[in-house]
S.K.: 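Pasting a structure here, questions to come.
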Amino acid sequence: MKVVVVDNYEAMSAEAAKLVEEKVRENQEAVLGLATGSTPIGLYKNLIEGNKTRGISYKDVKAVNLDEYLGLSQDHSQSYHTFMKENLFSQIDIKPENTYIPNGIPASAEEECTDYEAVITKVGPVNLQILGIGTNGHIGFNEPGTPGDSITHVVELTKSTRESNGPNFETEAEVPTHAISMGIQTILKGEEIILLASGESKAEAIKMLLTKKVTEDNPASFLWTHDNVTLIVDKDAYQLVK
Ligand code: F6R
């Protein structure tokens, strides 16, 4: 794992954007694996800027997202469909039919998982996967205890994840209890992975990751089994690393 320590959130976002744009320049049909949450918003702002002013086109790029809440329709204000549309897809020239996110209200969640895994196999391999990290080390919605050989699956969200994501919802009862997420094995099939971490709240997770101990207790630790991972971390998130 290559570790790049930068000053702050803006520098992390710019550094990540540079790598994504390089990938899209060298392969105009690149398949990008994308994440939601607060971490990649700055990256996405940079990509929008690059699309508008630096001639980087996404017209033949495909995007597969990591996860979606179960129970939220595509047009729900807190769905990851809405997040991606608002923060990236509607502002670049990617074709909607080239963007893939699990369906949050499937007739059968199990079938949706099988179908989504098949979609990733069909459009993949993911050339560049973007990841954030949860305060408990989760990647995607793969919470501690998720096996390293997991593929797309239904996840019961932990209390800590529901609390972190809760403020976006009007009432606690509205915070989804389950999600569909790419599994750890699905994520590790990506050819290149960029893990982003910013802010003090991620310091414990980064400290744990950089012990290099691979364990189910820390889902992000499985990234040590992949040979092309770059962690871009800001000083606040790196502060507990000796
Ligand atoms: C989002 C995702 C999650 C987030 C993680 C960090 O698609 O898969 O693993 O990356 O929860 O979230 P933020 O960036 O909001 O701190």
Side-chain angles (χ1 to χ4, degrees), residues 8-10 12-13 16 20 32-46 63-70 72 74 76 78-89 99-104 113 116 120 126 128-146 150-169 175-188 190 193-206 208-209 218-223 229-234 236-238:
N8 52 32
Y9 181 79
E10 284 67 37
M12 176 198 76
S13 304
V20 175
L32 302 178
L34 299 179
T36 58
S38 51
T39 307
I41 290 179
L43 157 66
Y44 296 157
K45 284 198 174 123
N46 278 275
V64 292
N65 263 74
L66 284 166
D67 41 23
E68 178 59 287
Y69 288 119
L70 263 176
L72 301 192
Q74 289 193 14
H76 188 285
Q78 298 306 320
S79 77
Y80 287 168
H81 279 82
T82 299
F83 177 97
M84 289 310 298
K85 206 153 128 192
E86 286 178 354
N87 289 292
L88 185 65
F89 295 156
T99 66
Y100 303 87
I101 305 178
N103 176 8
C113 292
Y116 197 65
I120 298 162
V126 169
L128 181 62
Q129 174 69 55
I130 303 295
L131 295 177
I133 184 168
T135 51
N136 62 1
H138 74 217
I139 50 173
F141 270 131
N142 297 292
E143 303 284 15
T146 309
S150 50
I151 58 172
T152 302
H153 60 132
V154 174
V155 176
E156 181 172 2
L157 303 180
T158 59
K159 191 163 174 276
S160 90
T161 299
R162 290 186 77 231
E163 277 167 6
S164 304
N165 298 4
N168 297 327
F169 292 83
V175 185
T177 56
H178 291 77
I180 288 180
S181 177
M182 281 189 198
I184 291 174
Q185 192 189 89
T186 323
I187 292 171
L188 293 176
I193 298 175
I194 298 177
L195 176 65
L196 301 175
S198 167
E200 200 183 344
S201 67
K202 301 297 169 67
E204 200 56 58
I206 292 304
M208 202 158 67
L209 174 68
N218 179 17
S221 70
F222 286 109
L223 296 171
V229 179
T230 303
L231 165 66
I232 307 176
V233 54
D234 73 6
D236 286 346
Y238 195 71

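First listed ligand is number 1; within each ligand, the first listed atom is number 1. The structure displayed is predicted, hence computed values, not measured ones. All residue numbers refer to positions in the sequence shown, counting from 1.
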S.K.: Please tabulate, one pair per line, all N/O donor-acceptor pairs under 3.5 Å involving side-chain atoms of residues 197-206, not counting sequence neighbours.
M.R.:
from   : atom 1 : to     : atom 2 : distance (Å)
Ser198 : OG     : Asp234 : OD2    : 2.7
Lys202 : NZ     : Ile133 : O      : 3.0

S.K.: Just jot down the ring pair (Phe, Tyr, Trp, His ring centres under 6.0 Å) partners of Tyr116, sequence neighbours excluded, or say none.
M.R.: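 Partners of Tyr116 by the ring pair (Phe, Tyr, Trp, His ring centres under 6.0 Å) criterion come out as none, since no residue qualifies.
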
S.K.: Which residues pass the ring pair (Phe, Tyr, Trp, His ring centres under 6.0 Å) test with Phe169, not counting sequence neighbours?
M.R.: Tyr69

S.K.: Output, or 'none' if empty, a list of ligand 1-protein atom pairs in which both atoms are N or O and the distance is under 3.5 Å, rounded to 0.1 Å.
M.R.:
from     : atom 1 : to     : atom 2 : distance (Å)
ligand 1 : 7 (O)  : Thr36  : N      : 2.9
ligand 1 : 7 (O)  : Thr36  : OG1    : 2.8
ligand 1 : 7 (O)  : Asp67  : OD1    : 2.8
ligand 1 : 7 (O)  : Asp67  : OD2    : 3.4
ligand 1 : 8 (O)  : Asp67  : OD2    : 2.7
ligand 1 : 8 (O)  : Gly140 : O      : 3.4
ligand 1 : 9 (O)  : Gly140 : N      : 3.3
ligand 1 : 9 (O)  : Gly140 : O      : 2.6
ligand 1 : 11 (O) : His138 : NE2    : 2.6
ligand 1 : 14 (O) : Ser38  : N      : 3.2
ligand 1 : 14 (O) : Thr39  : N      : 2.9
ligand 1 : 14 (O) : Thr39  : OG1    : 2.4
ligand 1 : 15 (O) : Ser38  : N      : 2.8
ligand 1 : 15 (O) : Ser38  : OG     : 3.1
ligand 1 : 16 (O) : Lys202 : NZ     : 2.6

S.K.: Could you tell me whether the side chain of Arg162 and the main chain of Val175 form a donor-acceptor pair under 3.5 Å?
M.R.: yes

S.K.: Side chains of Asn142 and His153: do they bring a donor and an acceptor to under 3.5 Å?
M.R.: yes

S.K.: Would you say the side chain of Asn103 lies within less than 4.5 Å of the side chain of Glu68, judging by non-hydrogen atoms?
M.R.: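 Heavy-atom side-chain distance check fails, nothing below 4.5 Å.
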
